[in-house]
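For the numbers below, each heavy atom of this structure counts, side chains included, while hydrogens, waters and symmetry mates do not.
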Amino acid sequence: QVQLVESGGGLVQAGGSLRLSCAASGFAFSSYAMAWFRQAPGKEREFVVAISAYGSRTYYEDSVKGRFTISRDYAKKTVYLQMNSLKAEDTAVYYCAADLNSSPSLRVGVGAYDYWGQGTQVTVSS
């Protein structure tokens, strides 16, 4: 079955960096777009960034542009989220998601993604 397992979250001071990982299994990893979402306490889950199946296209939410970088390693079937210059407002549970619908465009809606990981907590202290 499809599994997405996130890791790499933790507590970091404002201005610091973290790298999140999402290990995928149970589907053809190289064939589908992947994304990261986040959910802060009391707020709805929101889109952060997506990457196309072949890694040639990415799309970032405005508030993370220039600070976050998504990448994928096909040999390891893993998606990464490098987060630099972290801010207190980046504090949230971060979720990895897979879009198994072979959409030609990168999608930002929660409902567009078929599978989700369990999430990893990122806390940025100010």
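The pair K87-D90 does not meet the salt-bridge criterion, since no charged nitrogen lies less than 4.0 angstrom from a carboxylate oxygen.
Screening T78, L4, T120 for a side-chain contact (heavy atoms from CB on, under 4.5 Å) involving C96 leaves a single residue, L4.
In terms of heavy-atom proximity, D114 sits nearest to N101 at OD2-ND2, 3.2 Å. Across every non-hydrogen atom of T69 and Y60, the tightest pair is CA-OH, 3.2 Å.
In the hydrophobic clustering of this structure, V108 does not group with M34; members are Ile, Leu, Val, Met, Phe, Trp, Tyr whose side-chain heavy atoms approach within less than 4.5 Å, directly or through other members. V79 and Y95 fall into different hydrophobic clusters, defined by Ile, Leu, Val, Met, Phe, Trp and Tyr side-chain heavy atoms under 4.5 Å apart, directly or through other members. Residues L81 and Y74 share a hydrophobic cluster, clusters being chains of Ile/Leu/Val/Met/Phe/Trp/Tyr side chains in contact below 4.5 Å. V110 and W36 are not part of a single hydrophobic cluster, where members link through side-chain heavy atoms under 4.5 Å apart.
Checked against side chain to side chain contact (heavy atoms under 4.5 Å, CB included), T123 has the following partners two or more places apart in sequence or in another chain: L11, T91, Q121. By the salt bridge (charged side-chain N to carboxylate O under 4.0 Å, His left out) test, K43 pairs with no residue at all, sequence neighbours left out. For Q39, the side-chain hydrogen bond (donor to acceptor under 3.5 Å, both in side chains) partners at least two apart in sequence or on another chain are R45.
Listed by chain and number, the hydrophobic cluster partners of Y80 come to none, as no ILVMFWY side chain reaches under 4.5 Å of it.
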Name the atoms and distances for all side-chain donor-acceptor pairs under 3.5 Å in residues 15-33, with sequence neighbours left out.
residue, atom, partner, partner atom, Å
S17, OG, N84, OD1, 2.9

Under 3.5 Å, which donor-acceptor pairs do the side chains of residues 46-55 form with other protein atoms, sequence neighbours left out?
residue, atom, partner, partner atom, Å
E46, OE2, R38, NE, 2.7
E46, OE2, R38, NH2, 3.4
S52, OG, G55, N, 3.4
S52, OG, S56, N, 3.2
S52, OG, R57, N, 3.0
S52, OG, R57, O, 3.4

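From T58, atom OG1 reaches atom CG of L106 across 7.5 Å, with rounding to the nearest 0.5 Å. Atom-to-atom distance recorded for S125:OG and L86:CG is 10.0 Å, nearest 0.5 angstrom.
Sorted by first and then second residue, the disulfide (SG to SG under 2.5 Å) pairs involving residues 36-68 (not counting sequence neighbours) form an empty list. Sorted pairs that involve residues 23-62 and meet disulfide (SG to SG under 2.5 Å), not counting sequence neighbours, are lacking altogether. Within the structure, no pair that satisfies the salt bridge (charged side-chain N to carboxylate O under 4.0 Å, His left out) test touches residues 20-29, not counting sequence neighbours. Applying the ring pair (Phe, Tyr, Trp, His ring centres under 6.0 Å) test to pairs two or more places apart or on separate chains, those with a residue in residues 101-126 are F37-Y113, F37-W116. Screening residues 74-84 for salt bridge (charged side-chain N to carboxylate O under 4.0 Å, His left out) gives no qualifying pairs among residues at least two apart or on separate chains. Among residue pairs with one or both ends in residues 36-91, none qualify as disulfide (SG to SG under 2.5 Å); sequence neighbours excluded.
In this structure a side-chain-to-backbone donor-acceptor pair under 3.5 Å is present from E6 to Q118.
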